[in-house]
Amino acid sequence: TLVTIYTGYVTDIQASVLDAGGANLVYVTDIICTGALSKLANKDVNSAGYSEEQDGTRMLNVVTEAFGTKWSQLPTTQIWTDYTTETWNDLLGVTTTYIDTPGTYTLYAATAELTNGYDYAAVVADSGQGQLYERTDGNLGYSDQDARSTYVTANGFTNIPKNHILADGIAVVTSRNNLINDAIISYGNPEATSETIDATSIDLYGKIAATTTTYLKNSSDADTYGARQVLLNAYPNPVISGIGIQIDAPSMSSTLLNSLVNVFFGMPISMTDIPSLLYPTDFFGYVEGWNWTINRFTARLDLN
């Protein structure tokens with residue numbers, strides 16, 4: 001079954017001559033496309049402010065404002081019967097189906113101030129400790145803080161045996177640069193801050209502070225946010241990048257092949273037989289990005 005692995009908008013086209021020595025000219029056309037997040041970066045939002053609401057609902061309102069068309073903005077000759085099977089949601093240019101609502105945390109009411117759509121949405125995602133991403137079908141998605149654990153509970157992890165992982169490029173990095181043992185969370189209107197530290201980590205590695213700007217309303221949520229950030233980042237954790245997989249390997253099962261071709265942001269991945277010198281335990285994590293390299297003969301997928 002054919003699977004869409006990317007949907008975007010053409011921004012650049014370049015035509016060039018590859019070969020002029022034979023009987024016919026051979027041309028190559030290079031096309032550059034950008035996805036839904038780039039389109040969001042070209043929009044302004046918060047023209048009328050937002051009510052106090054949870055992070056998922058705020059994200060829904062931001063995306064709707066960025067892409068929504070009001071009926072009054074359409075040409076006066078436009079009538080609803082011009083459309084057959086479309087709904088109003090189809091006319092947004094991006095569906096809001098994949099935005100988790102209402103979310104987890106309460107955000108304070110925002111006063112009107114035009115702001116870049118991507119910048120604003122990124123802070124909303126940070127405020128909810130969720131993830132803003134673009135889907136392969138060209139739509140935007142927002143996963144709230146609990147989305148990944150909920151998915152794993154229902155579906156488990158996709159295990160990738162080591163014999164399907166290409167040796168070249170795989171790297172495991174454990175670095176002090178990834179630590180946070182002093183979390184400073186900006187919240188509220190008027191602005192206030194909450195600070196959480198891990199004293200033992202500071203004794204071992206020195207103070208490594210990170211300041212996060214949020215739209216959180218409540219001090220208790222800011223405290224929870226900081227405590228979670230320190231809990232996850234106060235001590236070094238190995239980070240795996242560059243997991244290369246030859247998709248057309250003849251030994252790969254159709255089940256694994258189908259799972260990898262349908263890779264998605266936040267997909268749970270496990271590697272239970274990874275060499276211990278690379279990673280000390282069985283690996284369980286989530287896909288944060290991927291890269292397809294495809295030609296006429298082979299297809300390679302690299303996961304981060």
Side-chain angles (χ1 to χ4, degrees), residues 35-37 39-41 43-68 89 92 94-113 115-135 137 139-155 180 183-194 196 210-233 264-268 286-289:
L37 286 175
K39 199 172 183 182
L40 181 61
K43 305 285 187 177
D44 288 330
V45 298
N46 197 23
S47 60
Y50 299 110
S51 302
E52 177 184 312
E53 56 203 350
Q54 289 179 267
D55 53 280
T57 302
R58 177 69 58 87
M59 187 67 76
L60 173 69
N61 290 331
V62 168
V63 172
T64 300
E65 180 182 0
F67 294 105
N89 200 49
L92 296 177
V94 58
T95 182
T96 56
T97 302
Y98 308 106
I99 297 176
D100 287 344
T101 56
T104 307
Y105 296 102
T106 301
L107 310 188
Y108 60 77
T111 55
E113 181 181 3
T115 309
N116 177 270
Y118 177 80
D119 292 342
Y120 193 93
V123 177
V124 172
D126 285 344
S127 302
Q129 298 196 70
Q131 295 86 31
L132 174 67
Y133 63 97
E134 57 188 37
R135 293 167 43 88
D137 60 9
N139 288 303
L140 288 173
Y142 173 68
S143 297
D144 65 20
Q145 175 185 281
D146 300 325
R148 293 184 177 185
S149 60
T150 301
Y151 183 90
V152 166
T153 300
N155 302 283
I180 300 172
I184 303 168
I185 310 301
S186 168
Y187 73 96
N189 187 18
E191 184 177 348
T193 57
S194 168
T196 304
T211 300
T212 305
T213 299
T214 75
Y215 298 137
L216 292 173
K217 176 190 177 184
N218 300 316
S219 60
S220 58
D221 286 342
D223 293 342
T224 299
Y225 191 120
R228 187 169 187 265
Q229 196 172 58
V230 167
L231 175 67
L232 295 174
N233 298 285
F264 59 91
F265 184 83
M267 179 179 179
Y286 300 92
V287 174
E288 297 284 356

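The shown structure was predicted, so the numbers you read here are calculated from the model rather than taken from an experiment. Residues take their numbers from the sequence shown, with the count starting at 1.
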Those residues at least two apart in sequence (or on a different chain) that pass side chain to side chain contact (heavy atoms under 4.5 Å, CB included) with Tyr98 are Thr95, Arg135, Asp137, Asn139

Output yes when a side-chain donor or acceptor of Asn116 lies under 3.5 Å from a complementary backbone atom of Ala41, and no otherwise. yes

Tyr215 side, atom OH; Asn189 side, atom CG - distance, nearest 0.5 Å: 11.0 Å

Tyr151 and Tyr286, any side-chain heavy atoms less than 4.5 Å apart: no

What is the distance from atom CD of Gln145 to atom CD of Gln131, rounded to the nearest 0.5 Å? 9.5 Å

Please name the residue in the list Leu40, Thr96, Val62 that meets the side chain to side chain contact (heavy atoms under 4.5 Å, CB included) test with Leu140. Leu40

With a sphere of 6.0 Å drawn around OH of Tyr133, does it hold more than 12 non-hydrogen atoms of other residues, nucleotides or ligands? yes

Taking atom CG of Asp44 and atom CG of Asp119, what is their separation to the nearest 0.5 Å? 10.0 Å

Just do the side-chain contact (heavy atoms from CB on, under 4.5 Å) check on Gln129 and Thr104 with the steps written out, would you? CA-CA 9 Å; Gln129 298 196 70; Thr104 307; over 6 Å; no

Would a 4.5 Å heavy-atom cut-off, applied to side chains only, mark Thr57 and Tyr50 as touching? no

For Asn233, what residues pass the side chain to side chain contact (heavy atoms under 4.5 Å, CB included) criterion, not counting sequence neighbours? Ile180, Gln229

What's the separation between atom OG1 in Thr111 and atom CG in Asn46, rounded to the nearest 0.5 Å? 7.0 Å

Taking every heavy atom of Val45 against every heavy atom of Ala66, the minimum-distance pair comes out as CG1-CB, 3.8 Å

For Ala121 and Leu132, which heavy atoms make the closest approach, and how far apart are they? CB-CD2, 3.7 Å

Expected output: side-chain Thr196 to main-chain Ser194 donor-acceptor under 3.5 Å: no

Does atom CD of Glu288 have more than 12 heavy-atom neighbours from other groups under 6.0 Å away? yes

Less than 3.5 Å apart, any donor N or O on the side chain of Tyr142 or Arg58 sitting next to an acceptor on the other? no

Any side-chain to backbone donor/acceptor pair from Glu65 onto Ser47? Under 3.5 Å, distance only. yes

Excluding sequence neighbours, so at least two apart, what forms side chain to side chain contact (heavy atoms under 4.5 Å, CB included) with Ala147? Asp100, Ser143, Asp144

With rounding to the nearest 0.5 Å, note down the distance linking CD1 in Ile184 to OG1 in Thr213. 10.5 Å

Flag the pair Leu216 / Leu107 as yes when at least one side-chain heavy-atom distance between them is below 4.5 Å, and no otherwise. yes

Contact check, side chains of Tyr225 and Asp126, non-hydrogen atoms, under 4.5 Å: yes

For Ser186, is there any backbone N or O sitting under 3.5 Å from a side-chain donor or acceptor partner on Thr193? no

Ring centres under 6.0 angstrom apart (Tyr187, Tyr105): no

Spacing of CG belonging to Leu37 relative to CD belonging to Glu134, to within rounding of 0.5 Å: 4.5 Å

